[in-house]
Amino acid sequence: MSKAWRWFALSALIVAADQLTKWLVLGYFQNRYPREELTGFFNLVLVFNKGAAFSLFAQAPGWQTPLLVAFALAAAAIVSVLIVRNPARGLLCLGLALILGGAVGKLIDRLRFGHVVDFLDFHALGWHWPAFNVADSAISVGAVLLILEGFVHHEKRAGAPS
């Protein structure tokens, strides 16, 4: 556990950044229209997502919140165990730490509000990406790092003498 602390510290920083940005956005839009155009391709918005990724299950009658809370708790436990068991595998733990921080950030929102606060809104050439937040970004980058680590780790095993 002594070597894993840095990965948990990174996760805590992600949670702090996620919650701080949401607090700032909620304060900013408190008495304003929940959309601020910043550039031709980026808006700051205030969206409450009761669903999962890309608002999946958002229109469900309420069963999704306890299910998504349970899923986040299970994911956080599994990811934590993987970090503790593999603290020296830097790329793996970096990806896991980002995913853990993002999952906990979303978990806090669901427990506090019953939904996730999204606020980053990108669009270009007629394409519009669903609004997202720091937690979503951390989870996405973490997933990409895990995929890369899978290739790197596979190459190391393939090159090892039998």
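What you see below is based on every heavy atom in this structure, not just the backbone, and it leaves out hydrogens, waters and symmetry mates.
- With sequence neighbours left out, F71 forms a ring-ring contact (aromatic ring centres under 6.0 Å, His included) with no residue at all.
- Interatomic distance, R35 CZ to N43 CG, rounded to the nearest 0.5 Å: 4.0 Å.
- Remark: R32 pairs with Y28 by the side chain to side chain donor-acceptor pair (under 3.5 Å) rule, at least two apart or across chains.
- A search for side-chain contact (heavy atoms from CB on, under 4.5 Å) contacts involving A131 returns V45, V47, D118, not counting sequence neighbours.
- Screening residues 4-26 for salt bridge (Lys or Arg N to Asp or Glu O under 4.0 Å) gives D18-K22, K22-D109 as the qualifying pairs, with residues at least two apart or on separate chains.
- The shortest side-chain heavy-atom distance between V116 and N133 falls under the 4.5 Å cut-off.
- Applying the salt bridge (Lys or Arg N to Asp or Glu O under 4.0 Å) test to pairs two or more places apart or on separate chains, those with a residue in residues 89-102 are R89-E149.
- By the side-chain contact (heavy atoms from CB on, under 4.5 Å) test, L24 pairs with L20, sequence neighbours left out.
- Within the structure, every pair that satisfies the salt bridge (Lys or Arg N to Asp or Glu O under 4.0 Å) test and touches residues 123-142, not counting sequence neighbours, is listed here: K106-D136.
- One hydrophobic cluster, built from ILVMFWY side chains closer than 4.5 Å, cannot hold both F8 and L13; they sit in different ones.
- The structure places SG of C93 at 9.5 Å from CG of L146, a figure rounded to the nearest 0.5 Å.
- To the nearest 0.5 Å, atoms CH2 (W129) and CZ (F122) are separated by 11.5 Å.
- Taking the side-chain contact (heavy atoms from CB on, under 4.5 Å) definition, one finds that A138 meets it with I14, L98, sequence neighbours left out.
- Here the side chains of F119 and L44 are in contact, with some heavy-atom distance below 4.5 Å.
- The only option from V84, I83, L92 that meets the side-chain contact (heavy atoms from CB on, under 4.5 Å) definition with W7 turns out to be I83.
- Residues passing the salt bridge (charged side-chain N to carboxylate O under 4.0 Å, His left out) test with R112: none are found, sequence neighbours excluded.
- In this structure, S140 OG and F132 CZ are separated by 8.0 Å, a value rounded to the nearest 0.5 Å.
- Paired with V15 under the rule side-chain contact (heavy atoms from CB on, under 4.5 Å), one option of I108, L10, L107 passes, and it is I108.
- Partners of D121 according to the salt bridge (charged side-chain N to carboxylate O under 4.0 Å, His left out) rule, which considers only residues two or more places apart in sequence or in another chain, do not exist here.
- Taking each heavy atom of T65 and R110 in turn, the nearest pair found is CG2-O, 4.3 Å.
- Across every non-hydrogen atom of A103 and A72, the tightest pair is O-CB, 4.2 Å.
- Judged by distance alone, with hydrogens and angles left aside, the side-chain atoms of S11 form no donor-acceptor pair with the main-chain N or O of L100 at under 3.5 Å.
- By the criterion of side-chain heavy atoms lying less than 4.5 angstrom apart, applied directly or through intervening Ile, Leu, Val, Met, Phe, Trp or Tyr residues, L26 is grouped together with F29 in one hydrophobic cluster.
- In terms of the ring-ring contact (aromatic ring centres under 6.0 Å, His included) criterion, residue partners of F48 (sequence neighbours excluded) are, by chain and number, H115.
- Take L82 and apply the side-chain contact (heavy atoms from CB on, under 4.5 Å) test, not counting sequence neighbours, and it matches I78, N86, L96.
- With hydrophobic clusters built from ILVMFWY side chains whose heavy atoms lie under 4.5 angstrom apart, L38 does not share a cluster with Y33.
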